[in-house]
Amino acid sequence: MTTLRFEDGTIHLATDLELSIPGVEADPRSGGYRAPAMEYAAIRDELERRGIEFEDTLALESDLPLSTTYDLREYQRAALDAWLDAGATGVVELPTGAGKTVLAVGAMAALSVPTLVVVPTIDLQDQWIRELETEFDVPIGRFGGGEQTQEPITVSTYDSAYLRADDVGGDFGLVVFDEVHHLGGQGYQDIPRMLAAPARLGLTATFERPDGAHEAVEELVGPRVYQLSVDDLAGDHLADYEIRRLEVELTPDEREAYEQAQETFVSYLRTSGISMQSGSDYQKLVMRSGNDPRAREALLAKQRARDIMMGSEAKVEHLSRLLARHRDDRVIIFTASTDLVYRIATRYLVPPITAETGTKERRQILERFRDGTYDTVVAANVLDEGVDVPDANVAILLSGSGSEREFTQRLGRVLRPKSDGSTAVLYELVSVETAEERVANRRR
DNA sequence: TTGACTCAACATCCTTTGCTACAA
DNA sequence: TTGTAGGTTTCCATGTTGAGTCA
C-alpha cells in the first residue's frame, strides 16, 4: 500500500514500489520517499498519472461553508480569474488601496478549503481577522501576538508561520501570503517549503525586488499572474495624483561638510580598486570594513554625507511653507531617519511616530489623525507598510531611500479616492548636487 | 496582564565610466 | 548590433518588526 503523510514540514511517501519522481528522494531511514511539503501536489498528480493507488492522510479539501457578499470590481474579477486559470497558484500585484483583501476573500470562497493567511505585522493580522470574521461565518484562528489558536481559517504572522509551519503545514489547502515580497528573505523562504497547500496566492503592491529574490518567490508561490499599476487605477478606483519635486540648496556649511565626507568615501573607492557598480560591490566594501579601518571610515563618511543631504536645513525650512500652503489638508511627512522626525516634531509641533513610539501611543496618534484632531503627522519608515494609516491627501517626502517599494508605499498613503474627487499631491524634497538626485531618480 | 527589555531577522546601504563575455 | 550581467559568504550603521523572557 502507498501512503502520503505530512511529517515535520515534509511529505513522507510510504510504499513498496520503486519510484522515481523529480524532487522526491529515497529516505532509507524510514523506508520510503521524502520531499519538502510543497511538493505534495506534484507527488499526488504523479501517482494519479501513473495509476498508482494510494491513501492520502492529508485532508486539505474539506468543504468549508465559505461564501462572500463582496461584489468584485472588474479588475479584481480579472485578477481572480487569472489566478484560477493558472491553477490557483501565483502572485497578484495590485497597488495599495486596490482591494487585495477582497480579492483574497474571493479566492477563499472560490476554493472553500482550509486556509492559512500569512501577514508581516500584528496590525495587519488584526485587520485581516476583523475582515474575515465579518465576511465568513466560521471561527478565525491566530498564530502570533502571543496567541496560538488554530482554526480551518487561521491568520499568522510570518514569524509565527516560520515557527509553526513544520507542525501545521499539512492542515491547509490554500495559503495566502499578504505582502508576498517578504518571502524573498532567506529565513522566510522555508515557510512555503514546509507547507503542503497546493493552492497559493501571493499579494503585493511591489513584486520585484532589487536583489532579485522575487525569482525565489516565483518558485515557491508561482509566477506573477496579474498586474496593475497605480496609473492603471488612478482617477477611477484610486485618487488622481500629482508628484512635485522641489529642489533645495545645502547651506555653505552643509555643502562643505558634505563634500568633505563624500570625498573621503570616493577617494577610498579610488585607491581600493572597488568600482561600485552594483549593490554587491557595496557589500564588498561593507565586508572589508570589518577589518580595514579605512574602509570603515569611508562608510561612516558616506553615512555622514547621507545625513547631511537628507536632513538639510533648507528642507526643514521649506517644510514650513508647505505646511502653511496645506493648512486645511491632511498631511503625512515621511523621513528616512528618526532624528529628523523628532527635529520636525519639535519645531512644528507635529506628532511623531517612529519605531520608538509604543503601540498604545502610536494607536492614539493615528486615531486622532483619523478623527481630525491632528491634521499632520511625521514618521520615519513605520507607516510605509503593514499599518492601517488613515487617509491623507498630501504626502511630503523629506527624505527616503532609493527603494521603489518605499516610494510606491508612501504614494499609496494618499491614493484612497477623495469624496470631493480632488487630486492627491506628493512632494519630494531633493538636495541639489548631491547623491540624492540620483536616489530620487532611481526610486521612480 | 502589562511593560521593559533582549534578540534575531530583514531592508537599505552604492557610482557614473568604461571593460568583457554572452545572449537575443 | 544591442543590451545586460558580470565573481562573494558573513557584515559598517540605522530603522523596524515579532517572539520570548522576566519582573
Side-chain angles (χ1 to χ4, degrees), chain A residues 118-126 142-148 156-164 179 181-191 206 209-213 261-270 272-307 309-311 334-342 352-362 379-387 399-407 409 434-439 441-443:
Chain A
V118 188
V119 303
T121 63
I122 303 278
D123 217 66
L124 275 178
Q125 185 177 45
D126 290 340
R142 181 197 288 264
F143 293 156
E147 197 180 316
Q148 297 290 325
S156 172
T157 60
Y158 276 85
D159 288 85
S160 282
Y162 179 75
L163 297 173
R164 298 295 310 272
E179 310 288 4
H181 49 269
H182 285 277
L183 277 186
Q186 282 296 320
Y188 290 162
Q189 289 182 21
D190 284 340
I191 301 169
T206 46
R209 295 170 44 119
D211 61 1
Q262 190 72 5
E263 177 55 30
T264 304
F265 178 70
V266 173
S267 75
Y268 176 78
L269 292 185
R270 267 199 300 267
S272 66
I274 295 178
S275 61
M276 203 53 74
Q277 286 170 322
S278 68
S280 63
D281 292 318
Y282 187 78
Q283 273 307 311
K284 198 155 50 179
L285 175 59
V286 170
M287 278 180 215
R288 226 182 254 194
S289 69
N291 52 23
D292 177 353
R294 287 188 59 233
R296 183 159 184 276
E297 175 51 29
L299 271 177
L300 292 176
K302 185 68 206 171
Q303 187 67 36
R304 279 199 300 278
R306 266 171 49 81
D307 286 347
M309 72 183 187
M310 290 187 161
F334 294 99
T335 82
S337 76
T338 50
D339 276 358
L340 188 53
V341 168
Y342 292 122
I353 305 179
T354 71
E356 296 163 14
T357 314
T359 317
K360 208 167 148 188
E361 188 185 352
R362 187 181 302 189
N381 303 319
V382 276
L383 300 188
D384 289 357
E385 182 193 289
V387 185
S399 58
S401 71
S403 159
E404 190 188 336
R405 167 163 304 121
E406 179 191 273
F407 184 81
Q409 285 164 341
T434 68
E436 200 172 36
E437 290 182 319
R438 207 168 33 245
V439 169
N441 288 335
R442 196 175 67 214
R443 65 178 164 234

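First the proteins, then the strands, lettered A, B, ... as listed; each starts at 1.
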Only pairs with both distances under 3.5 Å count, Watson-Crick or wobble alike; so what is the partner of dA23(B) in this structure?
dT2(C)

Tell me: CD of E179(A) to P of dA11(B), nearest whole Å?
12 Å

Rounded to whole Å, the CD-C1' distance (Q186(A) to dA8(B)) equals 15 Å

Protein and nucleotides 19-23 of chain C: nitrogen or oxygen contacts under 3.5 angstrom:
from: dA19(C); atom 1: OP1; to: T157(A); atom 2: OG1; distance (Å): 2.7
from: dA19(C); atom 1: OP1; to: S160(A); atom 2: OG; distance (Å): 2.4
from: dA19(C); atom 1: OP2; to: G145(A); atom 2: N; distance (Å): 2.8

Pairwise C1' distance for dG18(B) and dG6(C), with rounding to whole Å
14 Å

For the C1' atoms, the ones on dT12(B) and on dC12(C), what distance do you get once it is rounded to whole angstrom?
13 Å

Using a cut-off of 4.0 Å between protein heavy atoms and nucleotide atoms, how would you tag nucleotides 1-7 of chain B 5' to 3' with B, S and -?
--S----

Whole-Å distance separating the CG atom of D307(A) from the P atom of dC14(B)
11 Å

Neighbour count >12 (heavy atoms, 6.0 Å) for atom CD, Q186(A):
no

With C1' as the reference atom in both, quote the distance from dT17(B) to dT4(C) in angstrom, rounded to an integer.
16 Å

Just how far, in rounded Å, is C1' of dA11(B) from CG of D211(A)?
9 Å

Rounded to the Å, how far apart are M287(A) CE and dC12(C) P?
11 Å

In sequence, state the C-alpha distance, the side-chain angles, and the governing distance for Y268(A) and L285(A), and then conclude on side chain to side chain contact (heavy atoms under 4.5 Å, CB included).
CA-CA 10 Å; Y268(A) 176 78; L285(A) 175 59; 3.4 Å; yes

Are any of the side-chain heavy atoms of F407(A) and T206(A) separated by less than 4.5 Å?
no

How many whole angstroms separate atom CD of Q189(A) from atom C1' of dA9(B)?
13 Å

From the set dC10(B), dT12(B), dT15(B), return the single nucleotide nearest to any side-chain atom of R405(A).
dT12(B)

Taking only side-chain nitrogens and oxygens of R306(A), does any of them come within less than 4.0 Å of OP1 or OP2 of dA13(C)?
no

If you pin V266(A) and Y162(A) to their nearest nucleotides in DNA chain B, which one's is more 5'?
Y162(A)

Compare side-chain N and O positions of R296(A) against OP1 and OP2 of dA13(C) and report whether any pair is under 4.0 Å apart.
yes

Find out whether R288(A) and R296(A) are in side-chain contact, i.e. whether some heavy atom of one side chain is under 4.5 Å from a heavy atom of the other.
no

Presence of Q262(A) side-chain N/O under 4.0 Å of dT15(B) phosphate oxygens OP1/OP2:
yes

Tell me whether the count of non-hydrogen atoms from other residues, nucleotides or ligands lying under 6.0 Å of CZ in F143(A) goes above 12.
yes

So do E385(A) and H181(A) actually touch side chain to side chain, heavy atoms under 4.5 Å?
yes

Just N and O in the side chain of R362(A): are any of them under 4.0 Å from OP1 or OP2 of dT17(C)?
yes

I'd like to check Y342(A) versus E356(A) (side-chain heavy atoms, cut-off strictly below 4.5 Å). Are they in contact?
yes

If I pick the C1' atom on dC11(C) and the same atom on dC13(B), what distance separates them, to the nearest angstrom?
12 Å

OP1 or OP2 of dT10(C) versus the side-chain N and O atoms of K284(A): is any pair under 4.0 Å?
no

State whether S337(A) places a side-chain N or O below 4.0 Å from either non-bridging phosphate oxygen (OP1 or OP2) of dT14(C).
no

What is the distance from OH of Y158(A) to C1' of dA11(B), rounded to the nearest Å?
15 Å

Pick the C1' atom in dG7(C) and in dA21(B), then give their distance to the nearest Å.
13 Å

Partners passing ring pair (Phe, Tyr, Trp, His ring centres under 6.0 Å) against H182(A) (at least two apart in sequence or in another chain):
Y158(A)

